[in-house]
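The structure appears below as structure tokens.
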Amino acid sequence: MKTAVALAALVLAASCAQQPVQVAQNECKIAPVTTASIAGGKTRPASSLEQRQAEMQLATSQYRMSQLNQHGMFQNNVEDALRDCRR
């Protein structure tokens, strides 16, 4: 009886391991602020250098530090956005 249960558990584990796991890809939502984006006009896509500069500005901002003091590392939208860009 124990052998049958162990064999069934082994077969079940093996079948689950062979199925591909789909994970949503994180998307970096940090973008440089421009006058066009503030005015609601059509914006051009930001280059990777501009994207990284916007991340750096957010990472070193006083707003981020105040959010860290209030909320810590978890349940913090700024930290979540920065974490998504690093992946």
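By the side chain to side chain donor-acceptor pair (under 3.5 Å) test, N76 pairs with no residue at all, sequence neighbours left out.
Listed for the Q51 side chain is a donor-acceptor partner under 3.5 Å among the backbone atoms of I30. Of the possible donor and acceptor atoms, none in the side chain of R64 sits under 3.5 Å from a partner among the backbone N and O of L58.
Between the OG atom of S66 and the NE2 atom of H71 there is a distance of 8.0 Å, given to the nearest 0.5 Å. Remark: E55 CD to L82 CG distance equals 7.0 Å, nearest 0.5 Å. Between the CG atom in L68 and the CD atom in E79 there is a gap of 4.5 Å [rounded to 0.5 Å]. We find the CE-CD distance between M73 and Q67 to be 13.0 Å, quoted to the nearest 0.5 Å.
Under the 4.5 Å side-chain heavy-atom criterion for ILVMFWY residues, no single connected hydrophobic cluster contains both F74 and V78.
Taking every heavy atom of both residues into account, A31 and A54 meet most closely at C-CB, 3.8 Å.
Around atom CD of Q70, more than 12 heavy atoms belonging to other residues, nucleotides or ligands sit under 6.0 Å away.
No side-chain heavy atom of Q57 sits under 4.5 Å from any side-chain heavy atom of V33.
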